[in-house]
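Reviewing the structure listed below.
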Amino acid sequence: MVVPFAPGGPTDTVARVTAESMGRILGQTIVVENVAGAGGTLGSNRVVRADPDGHTILLHHLGLATAVALYRNLPFNPVTDLKPVGVVSDVNMAIIARPGYAPNTLSEVIADIKARGDRVTFAHAVLGAASQLCGVFFMDAIKQKVTEVPFRGGGPVIQALLGDQVDLGCEQTTTSASLVQEKRVKSYAVTSAKRLPSMPDVPTAAEAGVANLEISVWHGLYAPVKTPDAVVAILAEALTEALKDPALIKRFADITTDPTPEKATPEALRKTLQTEIDRWGPMIKATGQFAD
Ligand code: MLT
């Protein structure tokens with residue numbers, strides 16, 4: 001199972017829990033391999049080019065959909081070069097900061113950015129990552145730029161925030177919720193329509209004064225396009241069963257990630273991927289940002 005981001009980040013965490021449960025169901029060990037770089041496109045391309053025998057699969061998030069608009073020279077087409085297996089999970093994001101960063105509310109963060117401009121740093125997991133997308137829309141909303149600091153994944157971003165090396169980040173609750181609960185990072189807003197039970201004191205971005213910053217990070221499982229349908233069906237069945245596995249449900253709950261067994265089918269993922277390509281494309285183009 002290829003994860004196109006660094007170990008220790010949210011995608012890696014979701015993949016390892018899913019792989020363990022699916023492996024148990026399939027009676028096989030599923031090895032997770034991190035192939036990080038180029039906003040997740042490097043790892044995706046590895047799976048596009050892998051033998052289509054069901055032994056190489058990709059676990060990626062909404063970045064596979066946004067890559068279509070962000071990369072003008074994407075070396076593959078996510079719709080025609082990969083075969084969907086099923087949707088895995090949904091997860092929200094939180095705007096957070098290093099513990100020593102002075103602002104206490106999102107309004108204070110915005111005031112600091114307006115006052116100090118590009119001396120404020122925003123860490124993300126390279127262009128095309130969910131964390132970068134969140135930053136793009138945040139900067140677009142407040143009409144002010146900060147200095148972007150790219151890392152190879154959400155894991156290294158969290159380390160840099162905890163080490164007080166960068167000011168801000170927008171991280172999936174998979175890795176950020178526990179740090180917010182333990183007050184090891186500062187938190188200003190969540191990117192969901194409603195407040196999250198895992199951090200009820202943190203306002204939504206809209207409540208904190210920034211409209212149109214709703215980002216839900218969904219994950220999908222894919223195989224190379226020529227993988228036989230019968231093999232994909234076995235994987236989809238194992239995924240559905242895994243997402244109903246009480247052990248997985250408990251571990252996903254611990255990392256505030258919602259399993260989506262009702263969408264763990266090729267049809268549901270095909271639809272989700274296309275809907276998200278259509279949704280994000282015009283929004284990304286409107287920001288004028290490209291990753292290449
Ligand atoms: C990761 O696992 O590193 C992330 O999903 C990165 C991101 O998209 O922000």
Side-chain angles (χ1 to χ4, degrees), residues 1-19 32-44 46-47 57-71 78 87-97 121-139 146 148-162 166 168-180 185 187 189-192 205 213-222 251-252 255-258 273 276 280 283-284 289 291:
M1 184 181 288
V2 173
V3 169
F5 294 102
T11 315
D12 181 63
T13 306
V14 165
R16 284 177 197 274
V17 175
T18 307
V32 171
E33 187 186 353
N34 300 85
V35 184
T41 60
L42 219 65
S44 306
R46 164 82 72 89
V47 176
I57 49 179
L58 170 73
L59 193 142
H60 199 344
H61 62 27
L62 84 168
L64 193 63
T66 58
V68 175
L70 280 168
Y71 288 82
V87 182
V88 177
S89 53
D90 276 326
V91 59
N92 292 292
M93 305 188 86
I95 299 177
I96 56 176
T121 50
F122 179 92
H124 60 63
V126 304
L127 300 164
S131 43
Q132 191 253 346
L133 197 69
C134 179
V136 167
F137 286 109
F138 178 57
M139 287 186 276
V146 292
E148 296 181 45
V149 185
F151 291 85
R152 287 174 80 80
V157 168
I158 293 284
Q159 292 313 315
L161 283 165
L162 288 173
V166 285
L168 290 163
C170 180
E171 286 300 308
Q172 293 167 60
T173 53
T174 315
T175 44
S176 58
S178 60
L179 299 175
V180 170
V185 292
S187 56
V190 288
T191 66
S192 44
L213 195 66
E214 268 182 39
I215 305 176
S216 168
V217 183
W218 52 275
H219 299 91
L221 198 62
Y222 307 82
R251 289 183 68 191
F252 267 27
I255 53 169
T256 62
T257 295
D258 299 322
L273 179 64
E276 288 280 285
W280 290 108
M283 287 164 75
I284 290 167
Q289 275 243 3

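Read the numbers this way: they start at 1 and go in the same order the structure lists the ligands and their atoms. Basis for what follows: all heavy atoms, side chains included, without hydrogens, waters or symmetry-related copies.
Using a distance-only test at 3.5 Å, with no hydrogens or angles considered, no donor-acceptor pair links the side chain of Thr256 to the main chain of Ala177. A donor-acceptor contact shorter than 3.5 Å links the side chain of Thr191 to the backbone of Ile215. With hydrogens and angles disregarded, a donor-acceptor distance shorter than 3.5 Å links the side chain of Arg152 to the backbone of Ala36.
Of all the heavy atoms of His61, the ones lying under 4.0 Å from any atom of ligand 1 belong exclusively to the side chain. When non-hydrogen atoms are compared, ligand 1 lies under 4.0 Å from the backbone of Ala130 as well as from its side chain. The proximity of Glu171 to ligand 1, defined as any non-hydrogen pair under 4.0 Å, does not occur for either the backbone or the side chain.
Using the six-membered ring where Trp is involved, Phe5 and His61 have ring planes that are tilted, between 30° and 60° apart.
The CD1 atom of Ile95 lies 5.0 Å from the SG atom of Cys170; values are rounded to the nearest 0.5 Å.
Near Gly153, meaning under 4.0 Å from one of its heavy atoms, ligand 1 places the atoms 3 (O). If you number the atoms of ligand 1 from 1 as listed, the ones under 4.0 Å from a heavy atom of Gly154 come out as 1 (C), 3 (O), 6 (C). Atom numbering of ligand 1 starts at 1 in the shown order; those under 4.0 Å from a heavy atom of Ala129 are 7 (C), 8 (O), 9 (O).
Of the protein's non-hydrogen atoms, Thr11 OG1, 2.6 Å is the one closest to atom 5 (O) of ligand 1. Nearest to atom 6 (C) of ligand 1 among the protein's heavy atoms is Ala125 CB, 3.5 Å. Nearest non-hydrogen protein atom to atom 9 (O) of ligand 1 is Ser131 OG, 2.6 Å.
Residues Leu59 and Ala15 share a closest heavy-atom pair of CD1-CA, 3.9 Å.
Close to ligand 1: Pro10, with a non-hydrogen atom less than 4.0 angstrom away.
Enclosure of atom CZ in Arg16 by more than 12 non-hydrogen atoms of other residues, nucleotides or ligands within 6.0 angstrom is indicated.
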